[in-house]
Amino acid sequence: MAKKNHNVPEYGAVVRKGIQYYRTRITDADGKRVDLYALTREELYQKEQEARALVEDAIFRRMNPTVEEYCEKWLIMQSATVSSATLKGYSSRIKNYIVKPLGHMYLSDVTSDDIKLALIPASQKSASLYATVNMLMKCIFYSAERSKLIDYNPSANISARGGTPTKDKEALTDEQIDKLLDAIRGLRPYDFIMIGLYAGLRREEILALQWDCVFLDAPTPYISVRRAWRTEHNRPVVDTILKSPAARRDIPIPKCLVDCLRTAKAKSNSLYVISDNNGQPLSYAQFQRLWKYVTVRSTQERTYYKYVNGQSIKYTVSPTLGGSQKKQPQNRLYAGLYSYSTSVASHLYHEFTLCRS
């Protein structure tokens, strides 16, 4: 079969370093003029056709991005207004619950049914996670609608109700608190736990607390919350950006906490109430190790595997309140501390969840 004969244009020619090239110009996706060169007219014609196809594809994608492409752009736009920690949380939720089911689709092709199907995995998780994913979905498509990339927002009428309701948090009893303090007395997390119990600070507030915000000699001793702790790539970052305006507050503290902090301050060589051996705020890994002192002494049910005759056997251990560890009998056990309660003085604040949030 004869090869199809293209009508190759009569391109202009230029000489560069003693070599003659054929040249043409095209307009790229950004509206700029770009020169193309080749040794023969046929080769230049092929280059021109390929370049024009790439330009058309780039223009089409710019006007009709996929869900994944627009999510990446949306996250970049949000980086100017939200903290790095919030952005990291958004990225994780978007990757797992939006991009994974819808990322390959063009924005203009997504329907309400597609979004409802995409939200099914999130609906099987907690209500708070579902609400976050639902909010992100609506924000992304609303932004695309405002940018005139889609004619309507397919997520506009999607219900925000879904997910598994969060179980009510149970506050620690007075007996559990006594067991807890006895179990960790003299250990590294003792001051941290005391501040959580008797001042009700969040984890991020305790780890950012500096001695200039602890007023032990005032007529009514108090702690002033002015800073928050977070980590980036395991490195601690302490700044004055709090969770909300209401988080900036002064909290009166009882005598037992005053005595605890006075003793800690006398031994401290750091600006921070809770610090590492170098006087610096704790990193994420350091806090995990700190909290390990607490978890190994809890009555939380544990599972472990042991090889018997070449087979992996699963064992479950349910420690009892007031008992001790089998291999370390000096370690007394208390009721599992996995959350804060909102009660002041005798209970822990509900946002504290073993750094697993």
Side-chain angles (χ1 to χ4, degrees), residues 61 64-147 149-170 202-204 228 230-234 241 243-244 247 284 288 300-301 303 336 338-342 349-357:
R61 284 187 172 277
N64 300 275
T66 63
V67 174
E68 182 176 9
E69 290 169 343
Y70 191 74
C71 284
E72 292 175 357
K73 180 179 179 180
W74 186 85
L75 284 170
I76 293 174
M77 293 188 293
Q78 297 308 303
S79 64
T81 57
V82 301
S83 68
S84 59
T86 300
L87 190 67
K88 183 178 179 181
Y90 284 176
S91 299
S92 175
R93 301 291 186 263
I94 289 173
K95 177 182 177 181
N96 293 325
Y97 298 101
I98 299 179
V99 170
K100 189 174 181 179
L102 301 176
H104 63 286
M105 299 180 66
Y106 289 112
L107 274 175
S108 56
D109 292 340
V110 178
T111 65
S112 296
D113 288 345
D114 294 324
I115 292 178
K116 290 177 182 178
L117 291 172
L119 287 173
I120 289 177
S123 68
Q124 297 169 353
K125 304 295 182 178
S126 67
S128 62
L129 185 144
Y130 178 86
T132 300
V133 174
N134 186 287
M135 176 273 294
L136 290 171
M137 188 83 77
K138 290 182 177 179
C139 287
I140 289 168
F141 281 92
Y142 176 72
S143 176
E145 184 183 29
R146 289 290 299 272
S147 298
L149 296 176
I150 54 178
D151 296 328
Y152 75 101
N153 182 355
S155 66
N157 297 320
I158 301 297
S159 174
R161 303 174 68 178
T164 304
T166 304
K167 295 181 180 179
D168 293 336
K169 308 269 184 195
E170 292 186 4
R202 300 181 177 92
R203 178 192 66 187
E204 292 73 16
R230 69 177 193 278
T231 59
E232 295 179 0
H233 307 293
N234 194 41
I241 301 175
K243 187 172 184 179
S244 67
Y284 184 78
Q288 285 185 310
Q300 185 73 15
E301 184 177 272
T303 60
Y338 278 81
S339 63
Y340 276 156
S341 161
T342 53
Y349 198 69
H350 74 278
E351 292 204 6
F352 186 76
T353 53
L354 290 183
C355 299
R356 294 178 182 175
S357 59

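Atom set for the values below is all heavy atoms of this structure, side chains included, hydrogens, waters and symmetry mates excluded.
- Atom CG of Asn157 has 12 or fewer heavy atoms from other residues, nucleotides or ligands within 6.0 Å.
- At a threshold of 4.5 Å between non-hydrogen side-chain atoms, the residues Ile115 and Ser112 do not count as touching.
- For the atom pair CD1 (Ile140) and CE (Met77), the distance works out to 9.0 Å, reported to the nearest 0.5 Å.
- Proximity of a side-chain donor or acceptor of Asp114 to a complementary backbone N or O of Thr111 within less than 3.5 Å is detected.
- We find the CG-CG distance between Asp109 and Leu102 to be 11.5 Å, quoted to the nearest 0.5 Å.
- Looking only at distances, no side-chain donor or acceptor of Ser92 sits under 3.5 Å from a matching main-chain atom of Gly89.
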Give the C-alpha distance, both sets of side-chain angles, the deciding distance and a yes or no for side-chain contact (heavy atoms from CB on, under 4.5 Å) between Arg93 and Leu129.
CA-CA 8 Å; Arg93 301 291 186 263; Leu129 185 144; 3.9 Å; yes
Would Val67 and Val110 count as a side-chain contact (heavy atoms from CB on, under 4.5 Å) if you check the C-alpha gap in whole Å, the side-chain angles of each, and the deciding distance to 0.1 Å?
CA-CA 9 Å; Val67 174; Val110 178; 3.7 Å; yes
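- Taken to the nearest 0.5 Å, the CG atom of Leu149 stands 9.0 Å off from the OG atom of Ser108.
- Between Phe141 and Glu145, every side-chain heavy-atom pair lies at or beyond the 4.5 Å cut-off.
- Here the CZ atom belonging to Arg161 is positioned 14.0 Å from the OG atom belonging to Ser123, to the nearest 0.5 angstrom.
- Side-chain atoms of Ser143 and Tyr70 form a donor-acceptor pair, as typed in the model, at a separation below 3.5 Å.
- Distance OH/Tyr130 to OH/Tyr97: 13.0 Å, rounded to 0.5 Å.
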Could you walk me through whether Asn153 and Ser155 pass the side-chain hydrogen bond (donor to acceptor under 3.5 Å, both in side chains) check?
CA-CA 5 Å; Asn153 182 355; Ser155 66; 2.7 Å; yes
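- Looking at Glu69 and Trp74, their side chains never come closer than 4.5 Å, going by heavy atoms from C-beta outward.
- Remark: side-chain polar atoms of Ser147 are not paired, donor with acceptor, to backbone N or O of Ala144 under 3.5 angstrom.
- Environment of CD1 in Ile241: sparse, with no more than 12 heavy atoms of neighbouring residues, nucleotides or ligands closer than 6.0 Å.
- For Lys138, the NZ atom sits in a packed shell: over 12 heavy atoms of surrounding residues, nucleotides or ligands are nearer than 6.0 Å.
- Considering all non-hydrogen atoms of both residues, Asn134 and Ser159 come closest at ND2-O, 2.9 Å.
- Ser91 places a side-chain N or O within 3.5 Å of a backbone atom of Leu87 that can act as its donor or acceptor partner.
- Side-chain atoms of Thr164 and Gln124, non-hydrogen and from C-beta on, never get closer than 4.5 Å to each other.
- Pro165 approaches Ala127 most closely through the heavy-atom pair CA-CB, 4.3 Å.
- Glu232 CD to Lys88 NZ: the interatomic distance, rounded to the nearest 0.5 Å, is 9.0 Å.
- Contact check for Met137 versus Ile98: side-chain heavy atoms found under the 4.5 Å cut-off.
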